[in-house]
Amino acid sequence: MAWTREQMAERAARELEDGFYVNLGIGIPTLVSNYIPEGMSVQLQSENGMLGMGPFPYEGEEDPDLINAGKQTITALPTTSYFSSADSFGMIRGGHIDLSILGAMQVAQNGDLANWMIPGKMVKGMGGAMDLVAGVKKVVVVMEHVAKGKDGSEAPKLLKSCDLPLTGTAVVDMVITDLGVFTIDKKGEGGMTLVELADGVTEDEIRAKTEGAFKVALA
Amino acid sequence: MAWTREQMAERAARELEDGFYVNLGIGIPTLVSNYIPEGMSVQLQSENGMLGMGPFPYEGEEDPDLINAGKQTITALPTTSYFSSADSFGMIRGGHIDLSILGAMQVAQNGDLANWMIPGKMVKGMGGAMDLVAGVKKVVVVMEHVAKGKDGSEAPKLLKSCDLPLTGTAVVDMVITDLGVFTIDKKGEGGMTLVELADGVTEDEIRAKTEGAFKVALA
Amino acid sequence: MKKVYPDPTAALAGLLRDGMTIMAGGFGLCGIPDELIDAIRASGVKGLTVISNNAGIDGVGLGKLLDTRQVARMISSYVGENKEFARQYLGGELEIEFNPQGTLAERIRAGGAGIPAFFTKTGVGTKVAEGKEVREFDGESYVMERGLFADLAIVHAWKGDTEGNLVYRKTARNFNPMMATAAEVTVAQVEHLVQPGEIDADHIHTPGIFIGRMIHVPAREKRIEQRTVRQRKQPEAAAAGGGQI
Amino acid sequence: MKKVYPDPTAALAGLLRDGMTIMAGGFGLCGIPDELIDAIRASGVKGLTVISNNAGIDGVGLGKLLDTRQVARMISSYVGENKEFARQYLGGELEIEFNPQGTLAERIRAGGAGIPAFFTKTGVGTKVAEGKEVREFDGESYVMERGLFADLAIVHAWKGDTEGNLVYRKTARNFNPMMATAAEVTVAQVEHLVQPGEIDADHIHTPGIFIGRMIHVPAREKRIEQRTVRQRKQPEAAAAGGGQI
């Protein structure tokens, strides 16, 4: 049995540490905030200019001046601070954010990441993704292990090298998929390592669905 | 009769315009604020992080957290804003200050300025002077026309080229001395022009006390 | 030296010309200078280069200038929510230069602070770095990016005094403070206009020196792009989110 | 995750080592982290490189670390008011690197914001540009300056909450906000320690992310370097002044 979206988020939450400042992308990464352990202090950054992001507002209490980077209405916490976009990305680029958890279209075995454009399709822009992966101390990708086509075909997303335009080169430290967890030695020569299997998933299944080379070091 | 310090400051004040944001150096330039015409809005910037500088405080009302760039206690005005040194020099370097009035040791006919160190003497540092002359829209120097030695000798300060280490190259727009006023075409080839004489001062006297070449275009 | 103008049209009088470059503050529909955008639309000025993180949505914010084809070129980081934008772009009527959001913010900040160029890690090895100088510092590669400076910046603030000192509110701050510094003339619209001295000098986000003209825009309904809420009975759902993918 | 420490010595425990680089906030004696300087002096750590706009005065501020010869090198813009500094400098015991004040501020801001280098007009054609790359952009010459990042930054704030969110007061802000961002660890001393939520989130100058440790230093008398006043009977004398000559 592969992991559900919730299980992937729960697994990603185990990368959190007390006192961490974290930026979460939209989709599964957003769910990670539901699994912050009780008593652990984790402050969420929103790159449009906020640190200390709270939950969605109660209906009727939405504030148009208070949104996250996904443009959703949110709330503040007692710890919240606001700042400009320049200061926000100074924080990101300067390496002050401990962890970024985000989605991806493709990840290469050396840590290259592609998640912003598909040639031939309308390009919406990279938003803050390139800044986040270049600047944040640790980058964790959470994604489906394979891309499913409309015809039921499956294409691997963990590749030898990305064929989509890159968001960043050698930026990913960890990949959590529905099938397992990989670490990537992005600064060194260590390559990609499979370190965990989802419940009931075999190494063979992962091998069949992964193009990129990887070592195995299961705990 | 050469101009007094007060007359030099008064002359410099005629370079002010309504709505100007101005940075004044210490010494004679400081006196310029006494000659801001009634009804003219001029905001003084202090490069340590303040816009809208007020007068000295009344005795007993000094605030150690409120000083100017000369480290003197000052006061705020209703228009005052405070900001960081980075923002302050962003303002200066970005060309947002209209006018800087400052002292000098030497000025060359092309607008070069020297006012921060004398080789062989203890160097105190340039402070914000290099940033101001490089960044402010219009730079006016107010200084004695000649440097008087202890032995009574006189050395010209308006030179063909400065022999002291420079604060900036081609940065001075106007020089007001006790003997007269010069404009400098710092961006072009127009050189230095004598445009005003102090009361009772002759062109010949200025010529005798000036090393730099200048044209004459008295009003 | 009066900075306060009676209405948006008066505040923009003499500042608009075809082919000019305009910076517009805001992130999504949050903190956008919408009244000033309306006046630019009404002026009919065209061939504009617009620097703004997003391009509004159809018929709202900068979307209004797209509807009338007044924009020839955008410099943005993300334009996802605009069908008219997509139509003009795919039809070759509109040029777009995508900048990473942090690079865009820093380029604007640099332009306002007299920095013609700087180096950043962001985008190294990607399309963003193509044709740009890449240089190593202390063993890491960085790409050189240029400062941005516009003919006109339009910004939205929560509160402003007549001297032009501005305070922004919550995440409506975003790109507004840097843009205010990075144009020949900056025009601000403020929800609350007060007298000098009514804003604590330590709370001012944008000093008045950067504001050439301003208008008072008493509160009107602000649009929300993604209304997300939680139910009162449920346990608290968290609300993180990121603009990237 | 507790950021608040009981005293300066505890807050600096484990952070100090010989030969390290320390940034110290303040302009003159205004906004200096004096209690933390005292603790550094008491620690006896030596061979320090200190990045600070000024060097204090004799026996006050950084002057205290000069008296004990703990400083090997200073990066500053102006050191005019310190006799012990002059003595050590002229005697070759102390190295000094002078930076234009704005370049120093920007180098620190760049270091904190992940910018390894930037270009500025300041100092082109002067001693400051010697040995550095000078490049033309749009017909003007600029010199390349590098970002600065320290092992430790010590800053002084007016108010701080236990999350590390800081507010500075008046011109005591100066170099403190940039320095808070530009070191491996930043330790802040705050005059007023409050709980999260007690500072309006729009008024925070330094978000808590930048502050690793903090101490509460209830008000003590602050030194004034140049006490200048006006008499009540006189007409108002103006008080402009500049650090340059």
Side-chain angles (χ1 to χ4, degrees), chain B residues 23-27 29-30 32-34 44 46-50 53-59 62-76 82-86 88-89 92-93 102-104 115-116 122-132 134-135 165-169, chain D residues 27-31 53 76-81 86 89-90 96 98-106 108-109 120-128 158 168-178 205 222-232 236-245:
Chain B
N23 187 292
L24 300 178
I26 63 171
T30 302
V32 173
S33 58
N34 294 327
L44 301 179
S46 189
E47 65 265 30
N48 53 318
M50 180 185 196
M53 190 166 30
F56 294 137
Y58 291 118
E59 199 162 350
E62 307 90 333
D63 182 341
D65 289 342
L66 183 46
I67 64 172
N68 66 15
K71 285 140 194 158
Q72 300 169 312
T73 46
I74 48 159
T75 58
Y82 301 108
F83 33 81
S84 73
S85 299
S88 180
F89 283 94
I92 289 167
R93 198 188 308 104
L102 73 176
N115 75 352
W116 77 283
M122 173 66 194
V123 184
K124 293 184 167 188
M126 69 291 282
M130 286 191 180
D131 308 281
L132 282 161
L166 295 180
T167 305
T169 55
Chain D
F27 180 93
L29 302 181
C30 184
N53 189 58
S76 303
S77 89
Y78 192 78
V79 297
E81 295 84 8
Y89 173 62
L90 296 173
I96 168 95
F98 282 115
N99 280 197
Q101 195 174 142
T103 296
L104 181 63
E106 189 66 15
I108 297 164
R109 191 247 170 216
T120 172
K121 275 186 287 199
T122 301
V124 170
T126 76
K127 276 185 184 298
V128 161
W158 170 245
Y168 307 96
R169 183 169 176 273
K170 302 187 178 180
T171 58
R173 193 183 316 183
N174 56 65
F175 281 81
N176 286 296
M178 298 86 74
H205 297 134
K222 292 178 204 165
R223 291 282 299 261
I224 290 176
E225 207 163 331
Q226 306 275 350
R227 189 175 302 270
T228 42
V229 297
R230 62 186 148 140
Q231 301 306 317
R232 288 195 187 266
E236 296 199 353
Q244 75 292 353
I245 304 307

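Just so it is clear, the model here is predicted, and its values are computed rather than measured. So that the names make sense, note that chain A is the first sequence line, chain B the second, and so on, each numbered from 1.
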Peer 1: Under 3.5 Å, is there a donor-acceptor pair between the B/Glu47 and B/Asn23 side chains?
Peer 2: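 Short answer, yes.
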Peer 1: Which bit of B/Ile92 is near chain D, if near means a heavy-atom gap under 4.5 Å: side chain, backbone, both or neither?
Peer 2: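 Contact with chain D involves no heavy atom of B/Ile92 at all.
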Peer 1: Counting only heavy atoms closer than 4.5 Å, note whether D/Tyr168 contacts chain B via side chain, backbone, both or neither.
Peer 2: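 Contact with chain B involves no heavy atom of D/Tyr168 at all.
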Peer 1: Distance check, rounded to the nearest 0.5 Å: B/Ile74 atom CD1 versus D/Gln226 atom CD?
Peer 2: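 Taking CD1 in B/Ile74 and CD in D/Gln226, the distance rounds to 13.0 Å.
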Peer 1: Who wins among D/Pro100, D/Ala172, D/Gly125 for the most heavy-atom pairs under 4.5 Å with chain B?
Peer 2: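 Sorted descending by pairs with chain B, the first entry is D/Pro100.
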Peer 1: Just checking, is any N or O donor in the side chain of D/Ser76 or D/Asn53 under 3.5 Å from an acceptor N or O on the other one?
Peer 2: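 No, because no side-chain N or O of D/Ser76 sits under 3.5 Å from a partner of the opposite role on D/Asn53.
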Peer 1: For residues D/Thr120 and D/Thr103, is any side-chain donor paired with an opposing acceptor at under 3.5 Å?
Peer 2: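 No, no side-chain donor-acceptor contact under 3.5 Å.
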Peer 1: In terms of heavy-atom proximity below 4.5 Å to chain B, should D/Asn99 be classed as side chain, backbone, both, or neither?
Peer 2: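 The answer is the backbone of D/Asn99.
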Peer 1: Of the backbone (N, CA, C, O) and the side chain (C-beta and beyond), which part of D/Arg109 lies under 4.5 Å from a heavy atom of chain B, both, or neither?
Peer 2: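 Side chain of D/Arg109 only, per the 4.5 Å heavy-atom cut-off to chain B.
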Peer 1: Picking from B/Asp63, B/Asp65, B/Ile67, which has the most non-hydrogen pairs under 4.5 angstrom with chain D?
Peer 2: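 Counting heavy-atom pairs under 4.5 Å, the top option is B/Asp65.
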Peer 1: I need the residue from B/Ala86, B/Pro57, B/Ala134 with the largest number of non-hydrogen atom pairs under 4.5 Å to chain D.
Peer 2: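 Winner by heavy-atom pair count: B/Pro57.
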Peer 1: Partners of D/Phe98 by ring pair (Phe, Tyr, Trp, His ring centres under 6.0 Å), sequence neighbours excluded?
Peer 2: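 So D/Phe98 forms no ring pair (Phe, Tyr, Trp, His ring centres under 6.0 Å) with any residue.
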Peer 1: So which of D/Ala105, D/Gly80, D/Gly102, D/Gly31 has the biggest tally of heavy-atom pairs under 4.5 Å with chain B?
Peer 2: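 Of D/Ala105, D/Gly80, D/Gly102, D/Gly31, D/Gly102 has the most heavy-atom pairs under 4.5 Å with chain B.
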Peer 1: Check whether B/Val123 gets within reach of chain D through its side chain, its backbone, both or neither, counting any heavy atom under 4.5 Å.
Peer 2: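 When you check distances to chain D, atoms from both the backbone and side chain of B/Val123 fall under 4.5 Å.
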Peer 1: Between B/Ser88 and chain D, which part of the residue has a heavy atom less than 4.5 Å away: side chain, backbone, both or neither?
Peer 2: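 Interface part for B/Ser88: neither.
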Peer 1: Given the ring of B/Phe83, does D/Arg173 sit roughly above its face, with NZ or CZ under 6.0 Å from the centre of the six-membered ring and within 45° of the axis?
Peer 2: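 Relative to the ring axis of B/Phe83, which defines the angle, D/Arg173 lies outside at least one limit.
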Peer 1: How many angstroms lie between atom CG of B/Asn48 and atom OG1 of D/Thr171, to the nearest 0.5 angstrom?
Peer 2: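 B/Asn48 CG to D/Thr171 OG1: 5.5 Å, rounded to 0.5 Å.
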Peer 1: Count the heavy-atom pairs under 4.5 Å between each of D/Val229, D/Thr228, D/Val124 and chain B, then report the option with the highest count.
Peer 2: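 Ranked by contacts with chain B, first place is D/Thr228.
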Peer 1: List in chain and number order the residues that pass side-chain hydrogen bond (donor to acceptor under 3.5 Å, both in side chains) with B/Ser85, two or more places apart in sequence or in another chain; answer none if no residue qualifies.
Peer 2: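 Counting only residues at least two positions away or on another chain, B/Ser85 forms no side-chain hydrogen bond (donor to acceptor under 3.5 Å, both in side chains).
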Peer 1: Among B/Gly135, B/Ser84, B/Pro165, who wins on heavy-atom pairs under 4.5 Å with chain D?
Peer 2: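 Max contact count across the listed options: B/Ser84.
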Peer 1: For chain B, find which of D/His205, D/Lys121, D/Arg169, D/Lys127 contributes the most heavy-atom pairs closer than 4.5 angstrom.
Peer 2: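 Looking at each of D/His205, D/Lys121, D/Arg169, D/Lys127 in turn, D/Arg169 comes out on top.
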Peer 1: Please determine whether the number of non-hydrogen atoms from other residues, nucleotides or ligands lying under 6.0 Å from atom NZ of B/Lys124 exceeds 12.
Peer 2: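 Not buried by this count: 12 neighbours or fewer within 6.0 Å.
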